[in-house]
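One-based numbering along the sequence shown.
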Amino acid sequence: PVRPRAVICSAMGKTTNSLLAAGEMALEGRVDIEALRTLHLGTCRKFDIPERTRNDVEKLLDECEDMLNGVRLIQELSPKSLD
């Protein structure tokens, strides 16, 4: 018989802490997600993730950087932004 499976996902490494720190840095006028970019794209390379998925990851990282630039510009990091 086929048994149901569940996949549990969580942020890699210290991703959550890195995102929170990036938000605080953006409030100080600096946007830098290179550590996050290196971790996630390096993991994609290490596990030979298909190019389409790597491109999706890059788009998400670009979106994250855009959001942090917004935080930098308006000088506000609301609870909604942290979600």
Side-chain angles (χ1 to χ4, degrees):
V2 176
R3 294 174 41 177
R5 295 188 177 129
V7 176
I8 300 169
C9 299
S10 182
M12 291 190 309
K14 303 233 183 248
T15 298
T16 301
N17 291 341
S18 294
L19 286 168
L20 293 172
E24 292 299 322
M25 283 176 42
L27 287 174
E28 296 170 3
R30 297 175 292 144
V31 173
D32 180 9
I33 65 160
E34 284 312 306
L36 288 165
R37 195 175 294 277
T38 298
L39 172 65
H40 288 80
L41 295 179
T43 301
C44 286
R45 281 189 295 277
K46 181 177 180 177
F47 290 101
D48 198 26
I49 300 297
E51 183 178 354
R52 178 172 182 245
T53 304
R54 283 195 310 263
N55 290 340
D56 289 341
V57 170
E58 286 191 56
K59 286 178 189 175
L60 289 169
L61 289 164
D62 290 343
E63 183 178 320
C64 178
E65 190 169 33
D66 289 344
M67 290 171 50
L68 289 167
N69 273 309
V71 169
R72 178 183 59 81
L73 290 170
I74 65 171
Q75 288 294 292
E76 182 180 327
L77 187 59
S78 69
K80 186 175 181 177
S81 299
L82 292 170
D83 280 345

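A 4.5 Å side-chain heavy-atom check between I49 and V57 finds every atom pair outside the cut-off.
Remark: E58 CD to L60 CG distance equals 10.5 Å, nearest 0.5 Å. Distance check: M25 CE to S18 OG gives 10.0 Å after rounding to the nearest 0.5 Å. Taken from CD1 in I33 to CG in L39, the straight-line distance is 11.5 Å, to the nearest 0.5 Å. Separating the CG atom in L41 from the CG atom in L36 is a distance of 10.0 Å, to the nearest 0.5 Å. D66 contributes atom CG, which lies 13.5 Å from atom NZ of K59 (distance to the nearest 0.5 angstrom). Separating the OG1 atom in T53 from the CG atom in D48 is a distance of 11.0 Å, to the nearest 0.5 Å.
Contact detail for R30 and R72: the closest heavy-atom pair is N-CD, 4.4 Å. What you find for C44 and R54 is that their closest heavy atoms are CB-CG, 3.4 Å.
Within 6.0 Å of CD on E51 lie no more than 12 heavy atoms contributed by other residues, nucleotides or ligands. Within 6.0 Å of CD in E28 there are more than 12 heavy atoms belonging to other residues, nucleotides or ligands.
For the side-chain contact (heavy atoms from CB on, under 4.5 Å) with L77, the lone residue among L20, L27, L68 that qualifies is L27.
Looking at S78 and S81, their side chains do bring a donor and an acceptor atom within 3.5 Å of each other.
Taking the charged nitrogens against the carboxylate oxygens, D32 and R37 have no contact shorter than 4.0 Å, which rules out a salt bridge.
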Chi angles and distances behind the side chain to side chain donor-acceptor pair (under 3.5 Å) call for N55, R52:
CA-CA 5 Å; N55 290 340; R52 178 172 182 245; over 6 Å; no
